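First the structure, in the form of structure tokens, and then the observations on it.
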Amino acid sequence: MSASTAVLKSEARLFTREPAALFWVIAFPTLLLTILGLVPSFRTADPALGGLRTVDLYVPVVVLLAVIMAGLQAMPPALTGYRERGILRRMSTTPMRPVYLLAAQIVLNGAAALGSAILAMAVGRLAYGVELPRQLLGYVLALVLATLGALAFGATITALSRTTKISNAVGMAVFFPAMFTVGVWAPVQVMPDLLQRIVGFTPFGAAAQALNQAAAGDWPSWSHLGVTALWTVILIAVAARWFRWE
Amino acid sequence: MAIIEVSGLRKAYGGRPVVDGVSFSVEEGEIFGILGPNGAGKTTTVECVEGLRVPDAGTVRVAGLDPVADHEQVTRILGAQLQESELQEKLTVREALELYSAFYPKPADWRILAERLDLTDRLTARFGKLSGGQKQRLFIALALIGNPRVVVLDELTTGLDPRARRDTWKLIEDVRDSGVTVLLVTHFMEEAQHLCDRVAVINTGRVAALDTPAGLIGRSAHSTVISFTPSRPLGDDDLATLPAVATVERKDGRLVINGTNETVNAVLSLLARHGITAQELRVADATLDAAFLDLTAGPTAGLTTGPEATADLTQQES
């Protein structure tokens, strides 16, 4: 077994030992969708929503909720903890480079987010008959971009926070606006025009609009995809520039 | 042959020199101690040896390799236990040993290491649940897991109870006996005196002295402690004539004189001359503590070494 595989395996095992993170990233988004779907009026078609049901609108919302949970809530404390507790330093005295430990965490959080997204879509489809995205490729592209954006955001929080305490606080401060922009309180479609446009400039608001378009069967607009991609590139650059190993 | 060579090492943080021209070399197979007060630059020095820090000036070689430029090669022959480093809270002992084995091309058998370090019955325990001594034993195991030629142990026994400390010393001796060179950072005199073949005393970023523990004690102004209860009091004048006396203390009629071997003879003849008997006479070698305090006393004490330093201190204090 190669050293990097060993690190990934070990981190995956540790990931399964964090019940709180597992709940919030994997179970909570689907649970939220399930609860909303239990409200009868949310399961009836609404002409104001273009004939869609509220539960239809909430599938992309909880999909993005899973993504920001993983990137903004679960990952930064894990990574700052590794730095703060000297685990990265300990590893740099071995032939293994500590960057693999960070990479393993990023991969695992990304995988958890995508797994959670698939779970939410499956439950939506099976329990409430929510149609699967009609423009599947566009949907996957938007989802992958959003996931990369959230991981890059989390990496930036890690880079700029000296301690786990700070990264928790910053993660929280970013998490609530992010939840707003993905439409947890009110889906983007029902927001007023101006607000929709503003939200469209945020990494996750743009991703929400791209997902909605793909769900409806259109290729997501390049401007939405571009906004999320641009944010991702900037955040990666910031994280790489300011990350400290100790 | 020297396996670690440090020469003219300098490192400053924010303009403040922490290591200021440290040189020493460690021979293969010895336990070499780095002793010094807190903040003396001990940890920074060994971090340069481990390749975790880039020296501002000077050279560091481990088996002829540069720990920074040849970092990966150095990590294969040097195992490290760092001060204040931890592992993932929920990683078990067994998983940690297996994981770190996977990092090395020719690792030691972790089962045998676990056996040697008395961790066999803790293999399924998570790191967060281990006692301080168990954590330290695990770190020793991880430092040894790559079959290194050198291990660097930084403040290994800090925070351990006396029993666990003794056990750890035994382990370090076993490690040395198995052919591994040990670079040991400590601020416990007793530990250095007990374990080290040679000791470099570092003070304010410089090597204040480098010798065997016995040699360090011998060069100290306090190398011998003479204590006794005289049958009748001795006058200050008499005591003042004694050679090489560093300090004289009186407590409950008992005299404690710090000096050298020369002082012992002089005390005995003084007593004989006055016909005084010395009850409960004890003559003991001073511990490394006294030598250490001499070497690290004041800002200038560290700058000179050898007999001059001893003479200076003697004059100051007598």
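Residue numbers start from 1 in every chain, and the chains themselves are labelled A, B, ... in the order their sequence lines are given, proteins ahead of strands. In this text the structure is predicted, and so the values were computed from the model without any measurement.
Nearest heavy atoms, L99(B) versus A6(A): CD1-O, 3.5 Å. Looking at every heavy atom in both residues, S92(A) comes nearest to L52(B) through OG-CD2, 3.6 Å. A pairwise comparison of heavy atoms in P95(A) and Y104(B) identifies CD-CE2, 3.2 Å as the closest pair.
With a 4.5 angstrom heavy-atom cutoff, I87(A) touches chain B via backbone and side-chain atoms both. Only the backbone of L78(B) comes within less than 4.5 Å of a heavy atom in chain A; its side chain stays farther off. Looking at R13(A), the atoms closer than 4.5 Å to chain B (heavy atoms on both sides) all sit in the side chain, from C-beta outward. With a 4.5 angstrom heavy-atom cutoff, S101(B) does not touch chain A via any of its atoms. Heavy-atom distances place the side chain of E11(A), and not its backbone, under 4.5 Å from chain B.
Remark: L14(A) CG to E95(B) CD distance equals 6.5 Å, nearest 0.5 Å.
Crowding of E115(B) atom CD: a count of heavy atoms from other residues, nucleotides or ligands under 6.0 Å not exceeding 12. Within 6.0 Å of atom OH in Y100(A), 12 or fewer heavy atoms from other residues, nucleotides or ligands are found, so the atom counts as exposed in its surroundings. Open room surrounds CZ on R162(A); 12 or fewer heavy atoms of other groups in view lie less than 6.0 Å from it. F243(A) CZ: more than 12 foreign heavy atoms inside a 6.0 Å radius. Around atom CZ of F201(A), no more than 12 heavy atoms belonging to other residues, nucleotides or ligands sit under 6.0 Å away.
For the pair E50(B) and R90(A), the salt-bridge criterion is not met [side-chain N within less than 4.0 Å of a carboxylate O]. In this structure, E18(A) pairs ionically with K90(B), as a charged nitrogen and a carboxylate oxygen lie closer than 4.0 Å. With salt bridges taken as basic N to acidic carboxylate O contacts below 4.0 Å, one links E89(B) and R85(A).
Looking only at heavy-atom pairs under 4.5 Å with chain A, the residue among R126(B), Q81(B), E84(B) that has the most is R126(B).
When side chains are defined from C-beta on, Y82(A) counts as touching Q88(B), because their heavy atoms get closer than 4.5 Å.
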Run the side-chain contact (heavy atoms from CB on, under 4.5 Å) check on Y100(B) and M96(A) step by step: do they pass? CA-CA 9 Å; Y100(B) 277 72; M96(A) 186 65 190; over 6 Å; no
I would like to know whether E47(B) and R89(A) meet salt bridge (Lys or Arg N to Asp or Glu O under 4.0 Å); could you show each step before the answer? CA-CA 10 Å; E47(B) 282 175 344; R89(A) 268 165 70 72; 2.4 Å; yes
